[in-house]
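In what follows, a single structure is set out as structure tokens and then discussed.
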Amino acid sequence: MADSHFDLSALAHASQDLYAAVRRDAPLVQCLTNFVSMNITANVLLAMGASPAMVHATDEAPEFARVAGAVVINIGTLSAPWLESMLLTAASARQAGVPWVLDPVAHHATAFRRNAVQQLLALRPAIIRGNASEIIALAGGRSASKGVDARDSVAQAEQAALAIAVAHQTVVAVTGETDYVTDGKRSVRVTGGSALMPCVTATGCALTALVGAFAAVSKGDPYIAAVAALSCFGIAGQRAGALAEGPGSFAWRFLDTLAALETDSLTRESPLR
Amino acid sequence: MADSHFDLSALAHASQDLYAAVRRDAPLVQCLTNFVSMNITANVLLAMGASPAMVHATDEAPEFARVAGAVVINIGTLSAPWLESMLLTAASARQAGVPWVLDPVAHHATAFRRNAVQQLLALRPAIIRGNASEIIALAGGRSASKGVDARDSVAQAEQAALAIAVAHQTVVAVTGETDYVTDGKRSVRVTGGSALMPCVTATGCALTALVGAFAAVSKGDPYIAAVAALSCFGIAGQRAGALAEGPGSFAWRFLDTLAALETDSLTRESPLR
Amino acid sequence: MADSHFDLSALAHASQDLYAAVRRDAPLVQCLTNFVSMNITANVLLAMGASPAMVHATDEAPEFARVAGAVVINIGTLSAPWLESMLLTAASARQAGVPWVLDPVAHHATAFRRNAVQQLLALRPAIIRGNASEIIALAGGRSASKGVDARDSVAQAEQAALAIAVAHQTVVAVTGETDYVTDGKRSVRVTGGSALMPCVTATGCALTALVGAFAAVSKGDPYIAAVAALSCFGIAGQRAGALAEGPGSFAWRFLDTLAALETDSLTRESPLR
């Protein structure tokens with residue numbers, strides 16, 4: 001890997017510092033996200049101490065982006081008016097120096113989505129978070145998925161992630177059983193989580209929004225923002241998974257474990273590999 | 001009843017086989033459903049092993065329907081652009097031979113809904129799932145409900161269900177304390193569930209989507225698909241009700257019991273009467 | 001305070017009577033509310049025995065308002081088509097003598113929202129429910145909040161609430177650690193709740209809808225309706241907070257405690273001060 005000599009311990013400490021900053025600064029995270037994920041996304045952000053704002057209309061979203069700490073754009077339940085607003089808001093964020101994060105949900109499923117994602121990519125997201133099938137398709141590969149769920153492994157998507165990171169000068173986070181994050185030069189794997197997580201809808205979408213919260217306080221290093229957010233999900237997800245009896249109990253236990261996450265757990269129980 | 005001689009045991013075994021097929025095939029279920037129900041609907045589908053996709057826009061929903069295993073259309077939070085997309089998508093599904101399921105939420109409440117449901121009916125849903133008030137009104141009767149909740153008993157709706165099934169050559173599932181399913185020739189009652197279920201919003205909508213998941217694997221017998229989905233809800237709902245302390249705990253326990261449902265419970269604890 | 005001589009015990013008894021009426025009459029509450037809150041709002045209304053209806057489109061919302069017990073308008077995820085429908089529906093409700101309740105979510109955040117709220121105010125809501133930052137901004141003051149969350153205390157917002165109540169002949173409920181309700185002549189504080197409540201998204205929105213349920217049965221005294229709804233939230237919230245381990249468990253325990261609320265708890269454990 002590109003970062004074989006990178007110090008995982010230093011990265012864990014940097015993640016820990018960012019997490020403390022999220023708790024301290026309560027960054028305002030503007031989400032233009034899908035209808036399925038809005039509630040859990042807001043609850044995940046609140047559990048971590050961030051301040052969610054679901055502001056999506058063309059009449060106000062571009063204006064709001066200028067005061068947000070970060071903008072999160074997720075195409076899960078896309079439509080033409082939302083896409084128009086996403087493009088205007090991403091452009092506004094970019095102009096104002098506000099980092100924005102892209103979640104290209106099932107972008108390979110339809111022509112409308114494929115085209116939408118190309119337009120959004122041109123507006124330079126700081127970070128892209130997707131599952132393996134989405135990242136493979138984004139790099140031009142052939143994904144095994146027809147819908148929202150991943151049908152490829154993260155390991156199969158690593159080369160695609162690297163290629164996208166280099167081509168678009170962005171950070172790519174591929175999440176799955178073990179996550180992979182790269183900015184084209186550095187890369188790391190993030191362990192943890194739970195087999196129950198894919199059985200709860202929109203956990204990936206909520207993670208993308210949390211990546212936004214960390215990007216808001218990361219002072220220009222989106223790579224560490226992505227790693228830190230994924231680390232929190234990995235640790236809290238593992239704890240919730242150990243307590244849960246099924247996907248229903250996992251969902252609320254995960255919010256409890258996220259809210260209870262000690263800052264130093266990001267170094268003591270670092271999931272980075 | 002029309003099916004007084006039908007073998008309930010054979011029906012339970014056919015339901016069990018369909019449930020195994022849902023778990024095995026993870027059918028892609030495209031939902032054009034209401035905003036209230038999207039999250040719980042996706043979670044119910046995931047808990048049962050199906051793959052939900054909330055794809056609703058005119059720009060892509062008709063295209064997506066051609067690769068879906070089933071399409072579910074629910075008018076709970078209807079608006080003109082959504083209705084346009086629902087009509088196009090139902091037509092696309094029908095043309096592609098993909099079964100589609102209709103949930104005519106509170107269609108009796110306004111002229112807009114009444115008209116919408118007539119247009120949708122003309123596109124030949126494979127299955128209609130509603131509460132007693134909705135089914136009575138659909139057959140032209142006078143429902144006691146002004147809004148979303150049922151104010152009539154399932155027993156009062158059985159003749160209406162039969163009439164609709166015959167007139168529209170479809171399967172009608174009326175759900176309530178004891179459910180009733182008919183395709184105009186066969187019919188059966190499904191017991192189980194919990195008094196807490198109507199206290200949790202959108203459980204009926206989620207059930208409609210689950211009916212879609214079963215229709216996707218039912219090889220052209222939508223009657224058994226509806227019976228099987230209702231059976232799963234009946235058994236898991238009864239188990240969750242026994243464990244819950246109120247509607248809040250019922251909601252997550254129900255997802256846990258759905259996810260933990262053993263295949264053979266559809267025959268061992270058959271709720272069919 | 002304006003009501004220093006008002007009998008808190010009489011107010012608690014009046015609240016208790018209203019709560020019994022909600023349970024008895026199951027009022028139909030039409031909500032034009034934000035996407036984040038729809039599910040929890042419907043579940044809170046169901047837990048208290050009311051009947052939620054999320055009917056929002058211009059094609060039917062004004063018509064539906066005439067049969068609703070109350071209308072609730074919440075601008076959390078506002079857009080131009082929704083605003084148009086909100087204005088038509090509020091006007092329809094007003095004309096039909098149906099009380100309507102306004103939740104001016106983050107109205108200070110953008111020009112679009114500021115303008116929307118002024119148009120809505122002109123249609124005379126019976127009750128306005130907001131957090132301290134929203135109420136301060138509504139009175140023309142300078143709020144410390146940039147987004148959805150309050151950054152001011154309720155105590156700081158009391159004068160603003162009084163001013164709005166007098167100017168618009170309405171009831172204003174400011175909610176936070178201790179709530180404040182006034183109709184310009186009477187006023188009261190409502191205690192209870194939990195520090196976990198602001199960590200669960202849309203609890204305030206759900207409360208606004210519950211205020212609507214009480215307004216539907218209040219026979220023209222919206223002040224008592226607001227006080228009664230806030231009292232239920234205060235008592236149930238406190239109980240849930242004592243049982244919860246974090247925001248995830250608070251959310252479902254709160255629905256359980258709301259559903260289990262005894263009528264006489266509004267007098268026995270009155271949170272009014």
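A note on names: the letters A, B, ... follow the listed sequences, proteins ahead of strands, and every chain is numbered from 1. Remember, predicted model here, so these are calculated numbers, not experimental data.
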### Query
At their closest point, which heavy atom of B:Gly147 faces which heavy atom of C:Leu28, and how far apart are they?
CA-CD1, 3.9 Å

### Query
Non-hydrogen atoms of chain B under 4.5 Å away: do they reach the side chain of C:Glu60, the backbone, both or neither?
both

### Task
Under 4.5 Å heavy-atom distance to chain C, tell me which part of B:Arg253 shows up: side chain, backbone, both or neither.
neither

### Message
Show the nearest heavy-atom pair for residues B:Ala109 and C:Phe64, with the distance to one decimal.
### Response
CB-CE1, 3.6 Å

### Task
Count the heavy-atom pairs under 4.5 Å between each of C:Ser51, C:Ala68, C:Ala259 and chain B, then report the option with the highest count.
C:Ser51

### Query
Any idea which heavy atoms bring C:Glu63 and B:Ala111 closest together, and the distance?
OE2-N, 3.3 Å

#### Entry: Candidates B:Thr201, B:Val36, B:Asn34 - the one meeting side chain to side chain contact (heavy atoms under 4.5 Å, CB included) with C:Met54
B:Val36

#### Entry: More than 12 heavy atoms from other groups under 6.0 Å of CD on C:Gln95
no

### For the student: nearest non-hydrogen atoms of B:Cys199 and C:Asn43, plus distance
O-OD1, 3.9 Å

### Task
Please flag which part of C:Ala53 lies under 4.5 Å from any non-hydrogen atom of chain B: side chain, backbone, both or neither.
both

### Query
Of all of C:Thr41, C:Leu45, C:Asn39, C:Thr58, which one pairs up most often with chain B through heavy atoms under 4.5 Å apart?
C:Asn39

### Query
Under a 4.5 Å heavy-atom cut-off, does chain C meet the side chain of B:Ala251, its backbone, both or neither?
neither

### Summary
Of the listed C:Ser85, C:Gly49, C:Ala61, C:Ala57, the one with the largest count of heavy-atom pairs under 4.5 Å with chain B is C:Ala57

### Task
Pick one of side chain, backbone, both or neither for C:Ala26, based on which atoms fall under 4.5 Å of a heavy atom in chain B.
both

### Heavy-atom neighbours of B:Glu177 CD exceed 12 at 6.0 Å
no

#### Entry: Approximate separation, where rounding is to 0.5 Å, of B:Glu245 CD and C:Leu255 CG
12.5 Å

